[in-house]
Amino acid sequence: MKNVNKYTRQFFEAPKTEMKWTKKSYIDKAPIWCSVDLRDGNQALVTPMSLSEKLEFFKLLVELGFKEIEIGFPAASETEYEFCRTLIEQNMIPDDVTIQVLTQSREHIIEKTFNALKGCKNAIVHLYNSTSLAQREQVFRKSKEEIIKIAVTGAKLCKEYREKYEGNFRFEYSPESFTGTEPEFALEISNVVLDIWQPSTDDKVILNLPVTVQLSMPHIYANQIEYMCDNIKYRENVIISLHPHNDRGCAVADTEMGLLAGADRVEGTLFGNGERTGNVDIITLAMNMYSQGVDPELDFSNMPKITELYTRVTRMNVYERSPYSGKLVFAAFSGSHQDAIAKGMKWREEGHTEYWTVPYLPIDPEDVGREYSADVIRINSQSGKGGIGYILETRFGYDLPKKMREKVGYMVKGVSDHKHKELMPDEVYGIFKTHFVDITSPLNVTEAHYVQQNGIEATVNIDYNGRKAVAANTGNGRLDAVSNAIRSYTGIEYSISNYAEHSLEVGSASKAVSYVEITTDGKSWWGTGVDNDIVVSSIKALVTAINIMLNEKTE
């Protein structure tokens, strides 16, 4: 590409660390979660949420289990201020939930922020100022000492105003643009703020270390976090928080590695909404933990409901391939994938259920409110016999013999290929029923009677090419006797090579379904019959197979 020489690495590597985080292979407990959907997420919307939409979203976040929720920047606008006051005055904040508000290091903003919090039982006042080299040089044109002075002023004011108001108010500090800040300077300014606030066991302080703009690979961020964790003052009373954005597409990796490196808390949004490429997606983070047997302490068991509310109030879409939440993330179109999933589900049905290990499905779709038949096996021209058979079995009750699945599969795939579209389960069933079930032309058996004589003798009423007749013959069973009667009357040559039957348990438990394969000249045809009587269903299956053969030869 052109102009590559205009770019360079803007991050600062941490002084040498032991990289203890590399010795860990997974996150073993949930962090403290803080949703910033109503602040960081809302400010990134083309059309910000209305008051009623914010209130609905807040209720959802509480239902999901968030105990810390950043609700906005009360001093930024009357809308933000009103939202904060509404939550407090209408007593909508549960006692175990803490709201968080953002403020700059300016007295009039800090004063209005505390005014907005009057009457609030539990709140976090989040103070920030930017510390990166780029911001210091280009935006503020200030020295390090002058940037520290901004932080000191804000920290002292927050402490002074807290003493004037009732309520359990905690503090959070962010050296904003942390990833573009020299680690030694980030440590210095953070320690200065902590010295003012004097964190203690009963008054812990949150130190938020944001990936305001993603500038490096995730392991660089992890080293920066480890450096801060190892060197920050008052560590036992400081909650290290992460707030990654996704400019390089690595927000989840940044966060997971940052947690391994010692962080205690995560700020993010549902579905990763936020400025530019967004914040870290808390759903993905939480479900990653869940998929490895760690309780994330958030409830995403009804993902369709969460997705519906989110898309409605934010007017944003959830990408079809978004992990865990997208419409297609459990969908298998590939034939080999469908076959493996179907066999994996069968494996579980056979009793191998201690852990979820179904191929291609990292979690059980039902655990997030999805359905197997509608969400997992999806049928198009790339699908295989296993997936199509799985749909017919789980959705409609037809457990096709293995060889028959191939025949039906080619038929369904051909229709999908011709229409250039995915086929819904009802369409798959419609194709199967039209082409393989109870076909009565040009041959039909309308009645059959049996006598135990030299085996079984069958007297059969036959309608063939519009001509009605009665034929009789014997066989070693009812189906064989009827088959021999058909052959003797019509002169059609074939042999029965496969037969299977089962009860049709989905929809009509009283019915039976039979499958018959006939062969001649090295070719085979399958038919299906359905009836309340198992003998009648077997004859219908035979007649269907014969008709498919005759119709194919006529074509």
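Counting from 1, the numbers follow the sequence of the chain as shown.
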Student check: side-chain heavy atoms of [X] and [Y] closer than 4.5 Å:
| X | Y | value |
| --- | --- | --- |
| F396 | V428 | no |
| E184 | F12 | no |
| L242 | R265 | no |
| Y221 | Q214 | no |
| E68 | W33 | no |
| S35 | E70 | no |
| T311 | M316 | no |

More than 12 non-hydrogen atoms from neighbouring residues, nucleotides or ligands closer than 6.0 Å to [atom1] on [X], yes or no?
| X | atom1 | answer |
| --- | --- | --- |
| E350 | CD | yes |
| M217 | CE | no |
| E166 | CD | no |
| K346 | NZ | no |
| K59 | NZ | no |
| K305 | NZ | no |
| K16 | NZ | no |
| K112 | NZ | yes |

Give a yes-or-no answer on whether the side chains of [X] and [Y] include a donor-acceptor pair shorter than 3.5 Å.
| X | Y | answer |
| --- | --- | --- |
| S241 | N208 | yes |
| Y161 | E107 | yes |
| Y234 | N191 | no |
| D299 | S301 | yes |
| D339 | Y390 | no |
| Q100 | E267 | yes |
| N129 | Q104 | no |
| S177 | T212 | no |

Taking the ring centre of each residue, are W197 and F171 less than 6.0 Å apart?
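So the answer is yes for these two rings.
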So, do Y310 and F271 have ring centers that fall under 6.0 Å from each other?
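Yes, the ring centres sit under 6.0 Å apart.
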Could you pull out all residues at least two apart from Y26 that satisfy ring pair (Phe, Tyr, Trp, His ring centres under 6.0 Å)?
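Y26 satisfies ring pair (Phe, Tyr, Trp, His ring centres under 6.0 Å) with no residue once adjacent residues are dropped.
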What are the two closest non-hydrogen atoms of [X] and [Y], and how far apart are they?
| X | Y | value |
| --- | --- | --- |
| L270 | D37 | N-OD2, 3.0 Å |
| I206 | R170 | CD1-NH2, 3.7 Å |
| W356 | I363 | NE1-C, 3.3 Å |
| S325 | V318 | OG-CG1, 3.8 Å |
| S291 | Y324 | OG-OH, 3.8 Å |
| P296 | M289 | CA-CE, 4.3 Å |

Please report the C-alpha distance between K327 and E320 in whole Å, then the side-chain angles of each, then the deciding distance to 0.1 Å, and finally whether the salt bridge (charged side-chain N to carboxylate O under 4.0 Å, His left out) criterion is met.
CA-CA 5 Å; K327 289 183 179 180; E320 290 86 346; over 6 Å; no
Look at [X] together with [Y] and state whether they make a salt bridge at an N to O cut-off of under 4.0 Å.
| X | Y | value |
| --- | --- | --- |
| K142 | E137 | no |
| E80 | K54 | yes |
| E182 | R136 | yes |
| R162 | D203 | yes |
| R106 | E111 | no |

Just to verify, which of V211, N279, V266 counts as forming a side-chain contact (heavy atoms from CB on, under 4.5 Å) with H243?
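Between H243 and the candidates, side-chain contact (heavy atoms from CB on, under 4.5 Å) is satisfied uniquely by N279.
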Working note: R235 + D230, criterion salt bridge (charged side-chain N to carboxylate O under 4.0 Å, His left out); need CA distance, chi angles, decisive distance, verdict.
CA-CA 8 Å; R235 179 63 183 98; D230 287 348; over 6 Å; no
Under the criterion salt bridge (charged side-chain N to carboxylate O under 4.0 Å, His left out), I'd like the reasoning laid out for R315 against E53: C-alpha separation, chi angles, the key distance, then a yes or no.
CA-CA 11 Å; R315 299 160 189 84; E53 289 169 337; 2.8 Å; yes
K204: what forms a salt bridge (charged side-chain N to carboxylate O under 4.0 Å, His left out) with it, not counting sequence neighbours?
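For K204, no residue satisfies salt bridge (charged side-chain N to carboxylate O under 4.0 Å, His left out) once neighbours in sequence are set aside.
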Can you say whether the rings of F58 and F83 are parallel (under 30°), tilted (30 to 60°) or perpendicular (over 60°)?
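Correct class here is perpendicular.
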